Enquirer: 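Structure incoming, see below.
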Amino acid sequence: MALAAAMRITTPIANITRGIQRFTEGDLAARVPVSTHDEVGQIAHAFNRLAENLAQRMEELEAWSRTLEQEVTRRTNEIRASRKFLHTLISPLSGTTSDWETIAQEVLEGAEAVYCALYHRTEEGTYSLLATRSTVECQGAITPRDTEREITEAVQGSDGERLCTVTWFPMRMKDSLEGQLVLGYRGTSLSRGFVDQVLSALTITIVNIHSFDILTRLGTRLKDSNKTLKEQHEILIAQKQQIEETSKLKSQFLANVSHELRTPINAIIGYSEMITAGYYGEITAEQTERMAAIEESGRNLLNLINTILDHSRMEAGKLPLYVERIDDLRKLVKDTIGRNQSLTRERPYSIEFDQPDFPVPCVSDGGKIQQILTNLISNAVKFTEKGGVRVTLATRAHDIILSVKDTGTGIPETDLNSIFEAFKQVDGSSTRRTGGTGLGLSVSSSLALLIGGEISVESTPGEGSRFTLTIPRQIIEAN
């Protein structure tokens with residue numbers, strides 16, 4: 001009886017011991033049979049519940065471990081795909097279709113998508129397709145969306161069957177929308193981690209490549225323009241040389257012709273003066289008037305020839321400067337006015353002269369001063385039908401001021417800056433009432449600069465004009 005009682009106690013304990021040993025050795029299915037409901041049976045039952053709980057927790061841990069391994073594998077694949085994609089981006093690109101196709105293929109594979117399309121947003125706000133890659137026939141059902149936020153929709157085919165899920169990713173750069181990435185995928189297989197990693201780099205690449213393309217086109221255009229300009233420059237140089245040679249020949253011709261014309265005109269003027277003075281006998285009043293007209297016309301023609309000759313010499317750079325001491329400039333001005341009084345023969349006025357009460361000495365080129373004053377007086381009389389022309393001589397510190405004021409037609413303000421240009425006339429039409437070549441003021445302005453002075457003008461249309469010659473009291477011949 002004692003042995004039987006001992007066996008009833010030791011056998012359950014031995015079973016519990018073997019169960020614990022098997023469990024500790026890794027047999028999570030090990031259990032202890034429960035044969036009694038006493039304290040030993042309760043221990044066996046407690047062990048079995050603990051073993052079941054531990055087995056369940058181990059299964060959960062193994063499942064979680066497998067999930068973590070899958071997630072690590074997925075993330076590793078995303079990183080590997082991102083690195084491969086970024087390597088493609090930093091490779092030398094020229095913006096050609098094949099390069100964009102390569103990038104689209106990289107995105108397709110890295111995102112685990114079945115469809116990929118890259119669009120660039122133009123300056124006009126439309127989308128231009130750069131490249132597309134697909135493993136399903138769904139291109140016709142997917143178009144770009146003009147949106148600044150991410151959109152996801154299901155795309156169905158013509159038969160109503162669901163093709164794939166499509167997400168439109170806007171590609172933004174600061175405050176501007178630069179393009180769009182469209183990805184189609186089955187179920188939830190899209191690798192968002194990969195997309196999040198490469199989207200900003202893809203946006204920058206699109207902007208940079210298109211900027212590079214624009215710069216390349218501009219560079220090519222500038223290169224072509226530079227080549228054209230170079231060719232035009234060479235043509236212009238040849239034309240300039242030809243024009244300079246022609247101008248030189250023209251100036252030489254005008255100088256020769258003007259010189260040949262001055263000799264007989266001087267003779268005409270001289271003989272006219274002698275006949276008028278009675279060197280060849282008495283002449284009638286009518287003949288005197290006719291001889292005065294001949295003399296006036298001769299002087300006008302001589303002045304015109306001198307102007308043309310001086311213009312030609314200035315173009316050729318051969319107009320000499322004759323510096324002399326002038327004891328009293330009043331006499332030179334008075335003589336010049338006297339020679340030009342005949343211009344007012346058919347006018348109801350004569351040229352008036354205002355001068356200081358003291359001599360005005362200077363060191364200058366008297367011939368140039370006379371020619372400038374003659375041109376200014378001739379113009380004043382030419383455009384003054386009534387009223388008068390007044391010449392004023394004044395001094396100021398180291399300067400001498402000669403002004404010619406008229407009450408003629410005046411000069412429009414729009415023409416004041418151009419009247420000193422060669423061949424420029426306020427009225428250049430063939431029907432104008434006044435004569436002239438349009439060289440008088442141009443030559444006078446150049447002569448004024450030659451003797452160290454300048455000519456200015458003030459004018460009011462309908463009231464008249466004032467031309468003012470300002471020259472230094474003394475010039476240096478080197479000027």
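What you see is a predicted model; the values in this text were computed from it and never measured.
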Enquirer: Indicate yes or no for a side-chain donor-acceptor contact from D365 to the backbone of V323 under 3.5 Å, with no hydrogens or angles considered.
Expert: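 Checked: no pair found.
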
Enquirer: Tell me yes or no: between the side chains of S176 and E178, is some donor less than 3.5 Å from an acceptor?
Expert: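 On atom types as modelled, these side chains qualify, holding a pair under 3.5 Å.
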
Enquirer: Any donor-acceptor pair under 3.5 Å linking the side chain of T344 with the backbone of Q341?
Expert: yes

Enquirer: Do T395 and V360 have side-chain heavy atoms sitting under 4.5 Å apart?
Expert: yes

Enquirer: Considering non-hydrogen atoms only, spot the tightest contact between I451 and P472 and give its length.
Expert: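 That would be O-CD, 3.6 Å.
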
Enquirer: Tell me which one of L329, V363, I400 satisfies side chain to side chain contact (heavy atoms under 4.5 Å, CB included) with R473.
Expert: I400

Enquirer: Can you give me the closest heavy-atom contact between A448 and I372, atom names plus distance?
Expert: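 Where A448 meets I372 most closely, the heavy atoms are N-CD1, 3.6 Å.
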
Enquirer: Distance alone, cut at 3.5 Å: any donor-acceptor contact between the side chains of E124 and T122?
Expert: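 A donor-acceptor contact under 3.5 Å links the two side chains.
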
Enquirer: For P356, is there any backbone N or O sitting under 3.5 Å from a side-chain donor or acceptor partner on R330?
Expert: yes

Enquirer: The criterion is side-chain hydrogen bond (donor to acceptor under 3.5 Å, both in side chains); which residues satisfy it with S459, sequence neighbours excluded?
Expert: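 By the side-chain hydrogen bond (donor to acceptor under 3.5 Å, both in side chains) rule, S459 matches S465.
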
Enquirer: Start with the C-alpha gap between V333 and K331, add the side-chain angles, then the distance that decides, and say whether side chain to side chain contact (heavy atoms under 4.5 Å, CB included) holds.
Expert: CA-CA 5 Å; V333 176; K331 182 179 184 304; over 6 Å; no

Enquirer: Show your working on salt bridge (charged side-chain N to carboxylate O under 4.0 Å, His left out) between E109 and R133 and close with a plain yes or no.
Expert: CA-CA 10 Å; E109 296 175 356; R133 276 288 185 267; over 6 Å; no

Enquirer: Is a side-chain donor or acceptor of E289 paired with a backbone partner of E286 at a separation under 3.5 angstrom?
Expert: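 No; judged by distance alone, with no hydrogens or angles, the pair does not exist.
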
Enquirer: Just by modelled atom types, is the S442 backbone N or O under 3.5 Å from a matching donor or acceptor in the S446 side chain?
Expert: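 Yes; judged by distance alone, with no hydrogens or angles, the pair exists.
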
Enquirer: Should the pair Y280 and Y271 be assigned to parallel (<30°), tilted (30 to 60°) or perpendicular (>60°) ring geometry?
Expert: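 Rings of Y280 and Y271: tilted, as their planes differ by 30° to 60°.
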
Enquirer: Between the side chain of S342 and the main-chain N/O of A293, is any donor-acceptor distance below 3.5 Å?
Expert: no

Enquirer: The test is side chain to side chain contact (heavy atoms under 4.5 Å, CB included); show your working for W168 and E153 and say whether it passes.
Expert: CA-CA 9 Å; W168 288 263; E153 292 182 3; 3.9 Å; yes

Enquirer: Specify the closest pair of heavy atoms between L343 and R347, including all atoms of both residues, with the distance to one decimal.
Expert: O-CG, 4.4 Å

Enquirer: Indicate yes or no for a side-chain donor-acceptor contact from T407 to the backbone of G464 under 3.5 Å, with no hydrogens or angles considered.
Expert: no

Enquirer: So Y349 and T384, side chain to side chain donor-acceptor pair (under 3.5 Å) or not? Walk me through it.
Expert: CA-CA 10 Å; Y349 62 85; T384 305; 4.5 Å; no

Enquirer: Could you tell me whether a side-chain N or O of S128 sits under 3.5 Å from a main-chain N or O of R121, the two making a donor and an acceptor?
Expert: no

Enquirer: Go through it in stages, so that I can follow the logic: the residues are E346 and K382, the test is salt bridge (charged side-chain N to carboxylate O under 4.0 Å, His left out), and I'd like the CA-CA distance, side-chain angles, deciding distance and then a yes or no.
Expert: CA-CA 11 Å; E346 298 180 358; K382 184 189 305 181; over 6 Å; no

Enquirer: Do F467 and K405 make a side-chain contact, defined as non-hydrogen atoms from C-beta onward lying under 4.5 Å apart?
Expert: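 When only atoms from C-beta onward are counted, K405 and F467 do not touch, as no gap falls below 4.5 Å.
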
Enquirer: For side chain to side chain donor-acceptor pair (under 3.5 Å), just list the numbers for Q105 and E101, CA-CA rounded to whole Å, side-chain angles, deciding distance to a tenth of an Å, and then say yes or no.
Expert: CA-CA 6 Å; Q105 183 64 34; E101 294 290 345; over 6 Å; no

Enquirer: The test is side chain to side chain contact (heavy atoms under 4.5 Å, CB included); show your working for D406 and V381 and say whether it passes.
Expert: CA-CA 8 Å; D406 63 65; V381 174; over 6 Å; no

Enquirer: Is a side-chain N or O of D399 found less than 3.5 angstrom from the main chain of T470, in a donor-acceptor match?
Expert: no

Enquirer: Could you go through I369 and I471, starting from their C-alpha distance and side-chain angles, then the distance that decides it, and tell me whether this counts as side chain to side chain contact (heavy atoms under 4.5 Å, CB included)?
Expert: CA-CA 9 Å; I369 296 175; I471 59 174; 3.6 Å; yes

Enquirer: S445 side chain to L441 main-chain N or O, any donor-acceptor pair under 3.5 Å?
Expert: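 Such a contact is absent between S445 side chain and L441 backbone.
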
Enquirer: State, to 0.1 Å, how close G366 and E324 come at their nearest heavy-atom pair, and which atoms those are.
Expert: N-OE2, 3.2 Å

